[in-house]
There are 2 protein chains.
Amino acid sequence: MFSRACEYGLRAALYLASLKHNGYVSIREIGERLNISVPFLTKIFQKLTQAGLMQSLRGPSGGVMFARSPEEITLFDVIVAIDGPDLFTECVLGLPGCGEAAPCPLHDHWKEVRTPIRDLFASTTLADMARRIQEARLRLTA
Amino acid sequence: MFSRACEYGLRAALYLASLKHNGYVSIREIGERLNISVPFLTKIFQKLTQAGLMQSLRGPSGGVMFARSPEEITLFDVIVAIDGPDLFTECVLGLPGCGEAAPCPLHDHWKEVRTPIRDLFASTTLADMARRIQEARLRLTA
DNA sequence: CCGTTTTAGGATAAATGTATCTCTAAGCCG
DNA sequence: CGGCTTAGAGATACATTTATCCTAAAACGG
């Protein structure tokens with residue numbers, strides 16, 4: 001479904017959102033906390049900052065933090081920033097140019113299920129998830 | 001969403017189902033018709049035959065054909081034979097052991113959308129698709 | 001100002017997925 | 001039987017993803 005990078009990015013974003021603490025958090029701390037390779041996670045956060053979702057600061061007491069409120073960042077934003085929009089736009093059979101004009105056999109069926117997927121991710125904010133995590137003590141690590 | 005191999009396998013299966021002709025069809029013919037690498041497609045059909053969905057015959061007038069009626073083969077069968085069941089079983093965040101007992105934050109949300117996906121593919125047979133293809137002249141190639 | 005900490009960015013290595021190649025086995029036909 | 005055709009199976013390239021490494025660049029603190 002998602003690339004490994006995207007899974008890591010989602011978990012990291014959910015972890016940050018679930019912290020009371022607002023301010024910079026080092027990527028090393030996040031990686032160690034979630035058992036994710038720190039250098040790889042650094043690359044992922046670069047995508048998130050370049051997409052405008054996060055901001056970063058170097059040096060001691062530096063790290064990453066949200067560029068806007070977690071209330072305003074959706075799971076869809078994170079997914080698209082890392083994996084791109086293909087999952088939500090491309091033909092499920094990989095046919096270039098598949099669309100209403102020249103649909104593949106699965107086009108109509110797939111449309112009915114892709115839209116709910118997109119809506120789910122686009123309507124769920126990091127703050128929503130953070131509340132669920134804190135209330136139900138949900139886990140972000142194995 | 002699906003691997004390239006799975007996209008190819010679905011297109012090939014839909015192509016075969018849409019043929020009136022029942023009997024062996026050579027993989028070379030399928031590959032050339034759908035613009036898919038013939039050696040790679042051969043590997044994919046090996047998975048489908050090993051999964052019991054197709055049967056094969058070597059030599060002239062050989063090729064591949066369905067092992068059971070296209071009325072009894074679903075898209076789900078093809079997908080699982082090629083990509084495995086992970087898409088329908090594994091945690092969307094990649095957490096091992098995620099389930100009702102120890103759910104990840106997305107578990108419940110995702111369950112609501114994964115089940116419809118699974119149902120869609122599991123309830124659509126190759127024969128269903130073949131009818132749609134013939135009626136609406138839908139395309140399987142770019 | 002200099003050493004330390006941290007992210008940024010490019011280059012490199014390992015792993016997986018995609019695609020090709022070669023040889024074998026099976027089936028057809030003369 | 002002998003030559004041709006086709007799928008099977010293993011080995012080999014190629015591409016992409018995943019993961020690591022190394023050198024900056026920026027920030028802090030003595």
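The chains referred to below are lettered A, B, ... by the order of the sequence lines, with proteins before strands, and numbering in each begins at 1.
Computed from coordinates, the A:Phe2 CZ to D:dT17 C1' distance equals 17 Å when rounded to whole Å. For the pair B:Arg28 CZ and D:dA7 C1', the interatomic distance rounds to 12 Å; values are reported in whole Å. Rounded to an integer number of Å, the gap from B:Phe40 CZ to D:dA15 P is 15 Å.
In summary, B:Glu90 and B:Arg114 do not engage in a salt bridge, as defined by a charged side-chain N under 4.0 Å from a carboxylate O.
Formation of a donor-acceptor pair under 3.5 Å by the A:Gln134 side chain with backbone atoms of A:Ser18 is found in this model.
For D:dA7, the OP1/OP2 oxygens have no side-chain nitrogen or oxygen of B:Tyr24 closer than 4.0 Å. OP1 and OP2 of D:dT5 both lie 4.0 Å or more from every side-chain N or O belonging to B:Ser61.
Taking every nucleotide of DNA chain C with any atom under 4.0 Å from a non-hydrogen atom of chain B, the first and last of them, 5' to 3', are C:dT18 to C:dC28.
Residues A:Phe45 and A:Leu16 have side chains in contact (heavy-atom distance under 4.5 Å, counting atoms from C-beta outward). Under the 4.5 Å side-chain criterion, counting only non-hydrogen atoms from C-beta, A:Met1 is in contact with B:Leu87. At a threshold of 4.5 Å between non-hydrogen side-chain atoms, the residues B:Val64 and B:Leu48 do not count as touching. In this structure the side chain of B:Leu138 never reaches within 4.5 angstrom of the side chain of B:Leu14, judged on heavy atoms. A 4.5 Å side-chain heavy-atom check between B:Glu29 and B:Tyr15 finds at least one atom pair inside the cut-off.
Among the nucleotides D:dA19, D:dA27, D:dT20, the one closest to any side-chain atom of A:Arg4 is D:dA19.
The 5' end of DNA chain D is approached more closely, in terms of each residue's nearest nucleotide, by A:Ser3 than by the other of A:Arg58 and A:Ser3. Each of A:Thr42 and B:Val38 was matched to the nucleotide of DNA chain C holding its nearest heavy atom; the match closer to the 5' end belongs to A:Thr42.
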Which pairs, protein N/O on one side and nucleotides 10-12 of chain D N/O on the other, fall under 3.5 Å?
unit_1, atom_1, unit_2, atom_2, d
D:dG10, N7, B:Lys43, NZ, 3.0
D:dG10, O6, B:Lys43, NZ, 2.6

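In this structure, A:Phe121 and B:Trp110 have parallel ring planes: the angle between them is below the 30° cut-off, well short of the 60° mark.
Note on B:Gln50: only backbone sugar-phosphate atoms sit closer than 4.0 angstrom, heavy atoms only; bases stay farther off.
For B:Arg11 against B:Leu34, the heavy-atom pair with the smallest separation is NH2-O, 2.7 Å.
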